[in-house]
Amino acid sequence: MATKILASSSHSFENECKEIHESRGRWNHLIRALVTRTQLECRGIRETYKDMYGEDLITLLQKSSLRNQPGVSPKTCAALSLWMLHPHERDAIVAREALLQDNDSNYQSLVEIFVGRKSSHIALIKQAYLSKYKTQLDQDIINIEPPHPYQKILVALSTSHKAHQADINQHTAKCDARRLYETGEGSPGAIDEGTVLEIFTKRSIPHLKLTFSCYKHIYGHDYTKSITDVNSGELEDALRMVVKCICNPSNYYVKILFASIKGITADRGAITRVMVSRSETEMDEIQRVFKAKYGVELRETICDSIPSGDYRDFLLALANKTV
């Protein structure tokens, strides 16, 4: 199907590529050319451009960024590069950057990948990671030094994509919810990390979502409240964030976006990462939740907080996309 789409649009791609080539250095044209297209079409434009001119658009963007050419925003170059990549290639790059930067905010991007992607996609990410960096993603997570609170939960999530059954089971979910209670707020002391990690390792993301729904139904409050109320050690922040990402992804992404746009988080790459990765899956829902939560449109917040220029134009174009 993808081949048919690209083939049927090849003439349009050629015209677009000619205009891009003739306007090199004027990146606003490239932004307009790419954000009005789907990510699949953008990859078609990239392939067509390379066939016509022997140059890769992503490489050109990266060179322009490194040379600090006038009018070229490094943020825009990075954002456009991510936009043109296959999703699994993009996630492999995001994962690598998270591991290299080694802080809580960047580890969140790894959680977003393992929680928000299907197992088949995770397998492609790991292949792309190995091909590009000549090392195994799982092993790099295991080898994080010094040990980090996110490390255990990331290993569990990664393993779950290889070990879990796709089907979800109401009875098993209720049993898992009771085990979480009995080894958490239902017992004195810290949460039993072993039980939590075992459940995360053996269950699929949809099953975990059902488990946390059962927990709320049985005990009258979210599992995240029990994490706050019980001294759970170093795993606490990571576990709370993971559960929120599983249970209410739109609300999770809205909070991440607001904090990043307003500059109240160290996760400076979150704006680009979230806007690019969610633009063709749930941007409508993110905009709805954003308005309900903060009383202002996402687009208005971007205009108020991001300086005018090509990067803001790119973000606004993504915010205007409908799913």
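Closest approach of R37 and F13 over heavy atoms only: NH1-CE2, 3.8 Å. The two atoms that bring I286 and V254 nearest to each other are O-CG2, 3.4 Å, heavy atoms only. Scanning both residues, V242 and F200, for their nearest heavy atoms gives CG1-CE2, 3.6 Å.
The salt bridge (charged side-chain N to carboxylate O under 4.0 Å, His left out) search around D192 returns none, not counting sequence neighbours. For D138, the salt bridge (charged side-chain N to carboxylate O under 4.0 Å, His left out) partners at least two apart in sequence or on another chain are K126, K162.
Y219 and Y181 have parallel rings, their planes meeting at less than 30° on a 0 to 90° scale where 60° marks the start of perpendicular. The aromatic rings of H21 and Y49 sit tilted relative to each other, their planes meeting at an angle between 30° and 60°. Ring geometry for Y294 versus F258: interplanar angle under 30°, hence parallel rather than tilted (30 to 60°). Aromatic ring pairs are classed by plane angle as parallel below 30°, tilted from 30° to 60° and perpendicular above 60°; the pair H221 and Y215 is perpendicular.
Salt bridge status for R117 with E112: absent, with no side-chain N to carboxylate O gap under 4.0 Å. A salt bridge is absent between E185 and K225: the closest approach of a Lys/Arg side-chain nitrogen to an acidic carboxylate oxygen does not fall below 4.0 angstrom. A salt bridge is defined here as a Lys NZ or Arg NE, NH1 or NH2 lying under 4.0 Å from an Asp or Glu carboxylate O, and E285 with R288 meets this definition.
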May I have the step-by-step check of side chain to side chain donor-acceptor pair (under 3.5 Å) for Y311 and T272, ending in yes or no? CA-CA 9 Å; Y311 181 62; T272 299; 2.7 Å; yes

Before giving the answer on salt bridge (charged side-chain N to carboxylate O under 4.0 Å, His left out), spell out for E236 and R240 the whole-Å C-alpha distance, their side-chain angles and the decisive distance to 0.1 Å. CA-CA 6 Å; E236 181 183 70; R240 187 185 304 111; 3.4 Å; yes

Begin with the C-alpha distance, continue with both residues' side-chain angles, and end with the deciding distance and a verdict on salt bridge (charged side-chain N to carboxylate O under 4.0 Å, His left out) for K50 and D56. CA-CA 5 Å; K50 188 169 185 178; D56 180 51; 5.4 Å; no

Go through the steps for E198 and K202 under the test salt bridge (charged side-chain N to carboxylate O under 4.0 Å, His left out), then give the verdict. CA-CA 6 Å; E198 178 193 344; K202 294 181 177 180; 3.4 Å; yes

For the pair S250 and E282, evaluate side chain to side chain donor-acceptor pair (under 3.5 Å) and give the outcome as yes or no after the intermediate values. CA-CA 8 Å; S250 294; E282 56 183 311; 3.0 Å; yes

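Using a 4.5 Å cut-off on side-chain heavy atoms (C-beta onward), R90 and V276 make contact. Two residues are said to be in side-chain contact when any heavy atoms from C-beta on lie closer than 4.5 Å; Y133 and D140 fail this criterion. Between D91 and Y129 there is no side-chain heavy-atom pair separated by less than 4.5 Å.
Between the side chain of R312 and the backbone N or O of C303, at least one donor-acceptor pair lies under 3.5 Å.
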